2 protein chains.
Amino acid sequence: MPLTTDQTQPVFRALADPTRRAIIMLLADRDLPVGDIAARFEMTRPAVAKHLAVLKSADLIHVSQAGRERINQLNPAALKAATDWLAWFDRFWDDRLAALKSAVEKDT
Amino acid sequence: MPLTTDQTQPVFRALADPTRRAIIMLLADRDLPVGDIAARFEMTRPAVAKHLAVLKSADLIHVSQAGRERINQLNPAALKAATDWLAWFDRFWDDRLAALKSAVEKDT
DNA sequence: TTGACATGACACCGAAAGGTTTCCTATAAG
DNA sequence: CTTATAGGAAACCTTTCGGTGTCATGTCAA
């Protein structure tokens, strides 16, 4: 059974939206304020701000105030909750492959 | 940049719901018909059937008819789309850790 | 053939999600 | 000081989501 920490739900929920995954990719490259992020998407700043709020509530980004700007920084460590959950199935996937392989070998 | 295949969106969307993740765990143990799955959750069969439809549209399960039953089988390979996307950030996460480590060492 | 059982398929609902517009506040810059 | 800029916050709208109840259909068992 995959480990399901408290973090699992908010992280998977955050990852479900393509815009949010795109924002994560952007922030992997460099820290950015809300305005700069919004400029790269075909949607308004408040819409992007909402996505950032979701990411923040999953602890996927950290925000720091710098003058009148608020810099958003990716926290890749928070992705671990999702990675760990999925990792359990990697093993299962391997098992299936092994089973298939042995079945095939037995058949030959 | 993480690889984003056609499969990425449906898979992450499917994983966003806790009930669907629970169903995935169940099916990892053994193949089951809709009714048996529904019996393990506090919701009606049609609700579970909808979740299965979402999982199926992400190719996370395969369905086979057996008499009047429809057996749902997990297809763990479909999780690869999500795993691959996340894998890119594992690298990034390591980089950050290394940077932090060297910063700390420099400081001492 | 007659029920009982397993599902699919709808229609319908309330809540949450994703967006937009509008307005307000705080900091930077002339 | 005054104005432009960055961003928070609230009100509102439409669509999707997660669920329910109901009904029709195909299959298994007496």
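The model shown is predicted, which means the values in this text are computed figures rather than measured ones. Atom set for the values below is all heavy atoms of this structure, side chains included, hydrogens, waters and symmetry mates excluded.
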message: How many whole angstroms separate atom CD1 of B:I23 from atom C1' of D:dG18?
response: 12 Å

task: To the nearest Å, give me how far apart CG (A:D31) and C1' (D:dA6) are.
output: 17 Å

Protein-nucleotide distance (A:R68, atom CZ; D:dT3, atom C1'), rounded to Å: 11 Å

message: Please list, in numerical order, the residues of residues 47-60 of chain A that have a heavy atom closer than 4.0 Å to any atom of DNA chain D.
response: none

query: When you check the phosphate oxygens OP1 and OP2 of C:dT20, does a side-chain N or O of A:T44 lie under 4.0 Å from one of them?
result: yes

Atom pair distance, as rounded to whole Å: CG in B:L32 and C1' in C:dT7: 15 Å

Side-chain (B:R13) to main-chain (A:A16) donor-acceptor, under 3.5 angstrom: no

- prompt: Quick one: A:F12 CZ to D:dC17 C1', roughly how many Å, whole number?
  reply: 19 Å

query: Starting at the 5' end of DNA chain D, which residue's closest nucleotide do you reach first, B:G67 or B:P46?
result: B:P46

message: Is it the case that atom CD in B:E42 sees more than 12 heavy atoms from other parts of the structure closer than 6.0 Å?
response: no

query: If each of B:M43 and A:V34 is mapped to the nucleotide of DNA chain D with the nearest heavy atom, which maps nearer the 5' terminus, i.e. the 5' end?
result: A:V34

query: In Å and rounded to the nearest 0.5 Å, what is the CD1 to CG distance from B:I24 to B:L79?
result: 5.5 Å

query: Do A:R45 and D:dG8 have a side chain to base donor-acceptor pair shorter than 3.5 Å?
result: yes

task: Hey, could you give me the CG/NE2 distance between A:D31 and A:H62, rounded to the nearest 0.5 Å?
output: 11.5 Å

task: Name the residue closer to the 5' end of DNA chain C, choosing between A:A66 and A:T19 according to the nucleotide with the nearest heavy atom.
output: A:T19

message: On DNA chain C, does the nearest nucleotide to A:Q65 precede the nearest nucleotide to A:R20 from the 5' side, or the other way round? Give the residue.
response: A:R20

- prompt: Do the non-hydrogen side-chain atoms of A:W85 and B:M25 ever get within less than 4.5 Å of each other?
  reply: yes

- prompt: What nucleotide among D:dA6, C:dG18, D:dG26 has an atom nearest to a side-chain atom of A:E69?
  reply: D:dA6

query: Counting any heavy atom closer than 4.0 Å, what does B:P33 reach on the DNA or RNA strands: base, sugar-phosphate only, or nothing?
result: sugar-phosphate

message: Would you say B:R13 places a side-chain N or O within less than 4.0 Å of OP1 or OP2 belonging to D:dC17?
response: yes

Polar pair under 3.5 Å, donor/acceptor by atom type, side chain B:R70, base C:dT7: no

- request: Taking A:R40 for its side chain and A:I23 for its backbone only, find out whether a donor-acceptor pair lies under 3.5 Å.
  value: no

task: Return the value, rounded to whole Å, for the distance between atom CD of B:Q9 and atom C1' of D:dT16.
output: 13 Å

- prompt: Side chains of A:L26 and A:D36: does their closest heavy-atom pair fall under 4.5 Å?
  reply: no

